[in-house]
Amino acid sequence: MYRVPRGTSDILPKEQAYWRYIEQEVANICQLYGYERLDAPAFEDTQLFSRSVGEGTDIVEKQMYTFQDRGGNQITLRPEGTAPICRAYLEHGLHSLPQPVKLYYITSIFRYERPQSGRYRQHYQFGYEAIGDDDPALDAEVIDTAWQFFLALGLHLLSLQLNSIGCKKCRPGYLTVLKDYYANYTRDLCSDCKTRLKRNPLRLLDCKKPLCQQIANSAPRSIDYLCQQCDTHFNKLKRYLELLELPFIVNHCLVRGLDYYTRTVFEIQPEAEGAQSTLGGGGRYDDLIEELGGKPTPAIGFASGIERIILNLKRQNIPVPALPRPRVFIANVGDEAKDETVKLASTLRKNGIGVIEAIGSKSLKAQLRQANTLGVHHTVIIGDEEIKAGTVILRDMTTAQQKTILINQLQGLLK
RNA sequence: GUGAGUGUCGCCUAGUGGUCUAAGGCGCCAGGUUGUGGCCCUGGAGAACGAGGGUUCAAAUCCCUCCACUCACCCCA
């Protein structure tokens, strides 16, 4: 038997209410903050990602679905959402619009990794990007957007972690200090951290091992090594966040996994501890557009995993609205009644009334059983007697009351 | 890539060497009304017990290999 490929899943009808709910809240929050949707293709030139995400990152090094198409092009299934948006911004000259340009997406993401709870090879992300200004008020607004989005979904007990990792001017200096500090502890570090020290020192800060955490906690903090502009930017951002009454926590161990981040980075996590708990995160990427061939263009964005949102909605027992379904079932007995059913169902639907008609040749009992399982409000019953009289039986499924009515009265009674 | 756990009808589960060509619940189908649901009763369909090999007179039950799934690490949403 065929199965879904590892790390992918079918989203069955009973799950769809969650997806519709989230899509609706996404559209709503984006409208409130002035973001417009941009759908990029599922695959891009491999280089778009390897250049932007960073050659040394896990994503580029071992998680991308890359292949050569029949024309010999190197293609990669999108492993993240920001680079395609930036590509589109450049390709379509969106810099000629008033800045910042605000775009959002909700789309599938592909990463080859070992699946586990809240992590898949194909998953869905909602994200948005505000491109074209480095005003810290924009950072604050972007963070506020994310926060209000989760509140609107009904999630509670969230924490907002914030940090600034500086820019290309001040970060190298900080990294030197950080490495010098860690040089004294190489013996105490876990094996992962020993490799991090060489390859990606920033990541040393968020190791979960208790001993490494102790070391990280007293490590030099990036915010103490910011250049003048970055420092001012961060201070203004904090003030705006206070004005917005967002309960942010400055976490100097917060770093993000993609190379393009500069200055502001933030994450929103459920307070309950858990693996892969991060609901969403983002930050500034002031150099990315330029690296992709555009003019220097500061930008900031955020992305969130839909599956993780659903996981948390379920953990927090947050009800989502049920999807609308037909509320009328038509049952019939006999060939003439069957003909009438086919016509009647069509007529009702043309008038906007959702209908499920009895299909197959089941007993009336079986038809009603089906109507019951479907949870319809009314069942219309048609038999020989009703055909002769030009009537139908209208049965209220909650009260079990039924009455015979003229067929042309039906539509009025169902509305 | 590493580590741990699990693998019996669509779903959940019983069974830990012979009474298992596998039991129960949910769901599904049908009957109990000759044109009528939900409760109840009865019946039915549906699994050679992840795959292969081995031990044994005898294996769903023990051993080995593989596969899949789950969880965790790495990393990330």
Side-chain angles (χ1 to χ4, degrees), chain A residues 1-9 12 14 22 53-54 56-64 78-82 106-127 146 190-196 199-200 203 206-209 255-258 267-270 274-282 301-312 329 331-334 337 358 360 362-387 392-402 404:
Chain A
M1 190 159 63
Y2 290 109
R3 298 171 166 233
V4 292
R6 168 176 280 195
T8 68
S9 59
L12 296 172
K14 63 177 181 179
I22 292 168
V53 174
T57 59
D58 274 24
I59 290 180
V60 171
E61 231 169 46
K62 47 191 192 190
Q63 297 182 344
M64 295 204 305
R78 114 189 99 220
E80 63 102 34
T82 299
I106 175 162
T107 193
S108 48
I109 301 288
F110 304 88
R111 288 183 202 164
Y112 185 87
E113 46 189 341
R114 290 285 290 267
Q116 59 183 284
S117 180
R119 172 198 283 163
Y120 308 97
R121 289 185 176 178
Q122 181 187 177
H123 73 276
Y124 291 81
Q125 285 187 13
F126 152 54
C190 70
S191 58
D192 286 328
C193 278
K194 281 173 185 151
T195 59
R196 286 186 184 113
R199 304 201 43 200
N200 195 347
R203 295 225 68 86
D206 71 347
C207 183
K208 288 167 198 148
K209 302 254 174 13
V255 296
R256 308 254 322 139
L258 285 67
E267 272 184 20
I268 291 174
Q269 305 166 354
Q276 299 89 47
S277 54
T278 302
L279 273 166
F302 168 82
S304 174
I306 308 292
E307 288 85 352
R308 289 190 185 175
I309 294 174
I310 293 173
L311 197 64
N312 280 276
F329 186 88
N332 57 67
V333 183
K362 295 184 182 122
S363 66
L364 182 58
K365 181 192 181 97
Q367 294 178 56
L368 277 158
R369 198 151 41 208
Q370 184 182 0
N372 182 60
T373 306
L374 290 167
V376 295
H377 294 191
H378 293 280
T379 297
V380 177
I381 302 168
I382 311 173
D384 293 340
E385 291 171 30
E386 288 73 28
I387 294 287
V392 298
I393 296 168
L394 181 59
R395 181 178 180 85
D396 183 314
M397 296 300 282
T398 47
T399 63
Q401 304 274 308
Q402 59 184 44
T404 301

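Side chains included, hydrogens not; waters and symmetry mates left out as well; all remaining heavy atoms used. Chain identifiers are assigned alphabetically (A, B, ...) following the order of the sequence lines, protein sequences preceding nucleic acid strands; residue numbering begins at 1 within each chain.
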**Q** Any sub-3.5 Å donor-acceptor pair from A:Asn200's side-chain atoms to A:Arg196's backbone N or O?
**A** no

**Q** Using the C1' atom as the point on both nucleotides, what is the distance between B:U8 and B:A68, in whole Å?
**A** 15 Å

**Q** Without decimals, in angstroms, what is the distance between A:Lys208 NZ and B:A72 P?
**A** 10 Å

**Q** Could you point out which residue of A:Leu374, A:Asn372, A:Thr373 forms a side-chain contact (heavy atoms from CB on, under 4.5 Å) with A:Gln370?
**A** A:Leu374

**Q** Could you check which nucleotide pairs with B:A51 in any of the strands shown, counting Watson-Crick or G-U wobble with both distances under 3.5 Å?
**A** B:U65

**Q** Starting at atom CZ of A:Arg111, determine the distance to atom P of B:C76, rounded to an integer number of angstrom.
**A** 8 Å

**Q** How about A:Arg395 and A:Leu368: do any of their side-chain heavy atoms sit closer than 4.5 Å?
**A** yes

**Q** Watson-Crick or G-U wobble partner for B:U2, using a 3.5 Å limit on both distances?
**A** B:A72

**Q** How far does the P atom of B:U61 sit from the matching atom of B:G17, given to the nearest Å?
**A** 11 Å

**Q** Does B:C20 pair with anything, Watson-Crick or G-U wobble, both distances under 3.5 Å, and if so, with which nucleotide?
**A** none

**Q** Keeping the roles fixed (side chain from A:Arg308, backbone from A:Thr278), state whether a donor-acceptor pair exists under 3.5 Å.
**A** yes

**Q** A:Gln116 side chain N/O closer than 4.0 Å to the phosphate oxygens (OP1, OP2) of B:U70?
**A** no

**Q** Taking N and O atoms by type only, does the side chain of A:Arg6 place a donor or acceptor under 3.5 Å from a partner on the base of B:C67?
**A** no

**Q** Please report, rounded to the nearest Å, how far the C1' atom of B:A77 is from the CD atom of A:Glu80.
**A** 11 Å

**Q** What are the atom names and distances for every N/O pair under 3.5 Å that joins the protein to nucleotides 34-41 of chain B?
**A**
unit_1, atom_1, unit_2, atom_2, d
B:G35, O6, A:Glu385, N, 3.4
B:G35, O6, A:Glu385, OE1, 3.4
B:G35, O6, A:Glu385, OE2, 2.9
B:G35, N1, A:Glu386, OE1, 2.8
B:G35, N1, A:Glu386, OE2, 3.3
B:G35, N2, A:Glu386, OE1, 3.4
B:U36, O2, A:Arg395, NH1, 2.9
B:U36, O2, A:Gln402, OE1, 3.3
B:U36, N3, A:Gln402, OE1, 3.1
B:U36, N3, A:Gln402, NE2, 2.8
B:U36, O4, A:Gln402, NE2, 2.8
B:G37, N7, A:Arg395, NE, 3.4
B:G37, N7, A:Arg395, NH2, 2.4
B:G37, O6, A:Arg395, NH2, 3.2
B:G37, N1, A:Met397, O, 2.5
B:G37, N2, A:Asn372, OD1, 2.7
B:G37, N2, A:Met397, O, 3.0
B:G37, N3, A:Asn372, OD1, 3.3
B:G38, O4', A:Asn372, ND2, 3.1

**Q** Counting Watson-Crick and G-U wobble pairs only, both distances under 3.5 Å, name the nucleotide matched with B:A45, or none.
**A** none

**Q** In whole angstrom, give me the gap between the C1' atoms of B:G24 and B:G31.
**A** 22 Å

**Q** What is the distance, to the nearest angstrom, from the OH atom on A:Tyr112 to the P atom on B:C75?
**A** 19 Å

**Q** Give me syn or anti for B:A48, where syn covers glycosidic angles within 90 degrees of 0.
**A** syn

**Q** Look through every strand shown and name the nucleotide pairing with B:C9 as Watson-Crick or G-U wobble, where both distances are under 3.5 Å.
**A** none

**Q** Within a strict 4.5 Å, meaning less than it, do heavy atoms of the A:Ser108 and A:Tyr124 side chains meet?
**A** yes

**Q** Identify the nucleotide, in any strand shown, that forms a Watson-Crick or G-U wobble pair with B:G27, with both distances under 3.5 Å; if there is none, say none.
**A** none

**Q** Hey, does A:Asp396 have a side-chain heavy atom less than 4.5 Å from the side chain of A:His378?
**A** yes

**Q** How close or far is atom P of B:U2 from atom CD of A:Glu113, stated in whole angstroms?
**A** 16 Å

**Q** Return the 5'-most residue of the pair A:Tyr124, A:Ser117 with respect to RNA chain B, ranking by each residue's nearest nucleotide.
**A** A:Ser117

**Q** Let me spell it out: for each of A:Asp192 and A:Leu279, pick the nucleotide of RNA chain B with the closest heavy atom. Which residue's pick is nearer the 5' end?
**A** A:Asp192

**Q** Measuring only the P atom in each nucleotide, how far is B:C66 from B:U2? A whole number of Å is fine.
**A** 12 Å

**Q** Taking only N and O in the side chain of A:Gln63, is any of them less than 4.0 Å away from OP1 or OP2 of B:C76?
**A** no

**Q** May I ask you to say what A:Gly127 touches in the nucleic acid, namely base, sugar-phosphate or nothing, with a heavy-atom cut-off under 4.0 Å?
**A** nothing

**Q** What distance, rounded to whole Å, do you find between the two P atoms, one in B:C11 and one in B:G44?
**A** 23 Å

**Q** Considering every strand shown, what is the Watson-Crick or G-U wobble mate of B:A60 when both distances are under 3.5 Å?
**A** none

**Q** Strictly by Watson-Crick or wobble contacts shorter than 3.5 Å, is anything paired with B:U36, and which nucleotide is it?
**A** none

**Q** Check every atom of B:A68, B:C75, B:G3 against the side chain of A:Arg114 and return the nucleotide holding the closest atom.
**A** B:G3

**Q** Side-chain contact, heavy-atom cut-off 4.5 Å: A:Val333 with A:Asp384?
**A** no

**Q** Please state the C1' separation for the pair B:G5 and B:G18 - nearest whole angstrom.
**A** 30 Å

**Q** Rounded to whole Å, how long is the line connecting atom CZ of A:Arg256 with atom C1' of B:A77?
**A** 8 Å

**Q** Measure from CG on A:Asn312 to C1' on B:A77 and round the result to the nearest Å.
**A** 11 Å

**Q** Between A:Ile387 and A:Ile382, is there a side-chain heavy-atom distance shorter than 4.5 Å?
**A** yes

**Q** Say you pick atom C1' in B:C57 and the same atom in B:U70; how far apart are they, in whole Å?
**A** 39 Å

**Q** Rounded to whole angstroms, how far apart are CZ on A:Arg3 and C1' on B:C69?
**A** 7 Å

**Q** Within the side chain of A:Arg111, is there an N or O that forms a donor-acceptor pair under 3.5 Å with the backbone of A:Gln122?
**A** no

**Q** Using atom P in both nucleotides, what's the gap between B:U21 and B:A60 to the nearest angstrom?
**A** 8 Å

**Q** Check whether any side-chain N or O of A:Glu80 sits under 3.5 Å from a backbone N or O of A:Ile109 as a donor-acceptor pair, and report yes or no.
**A** no

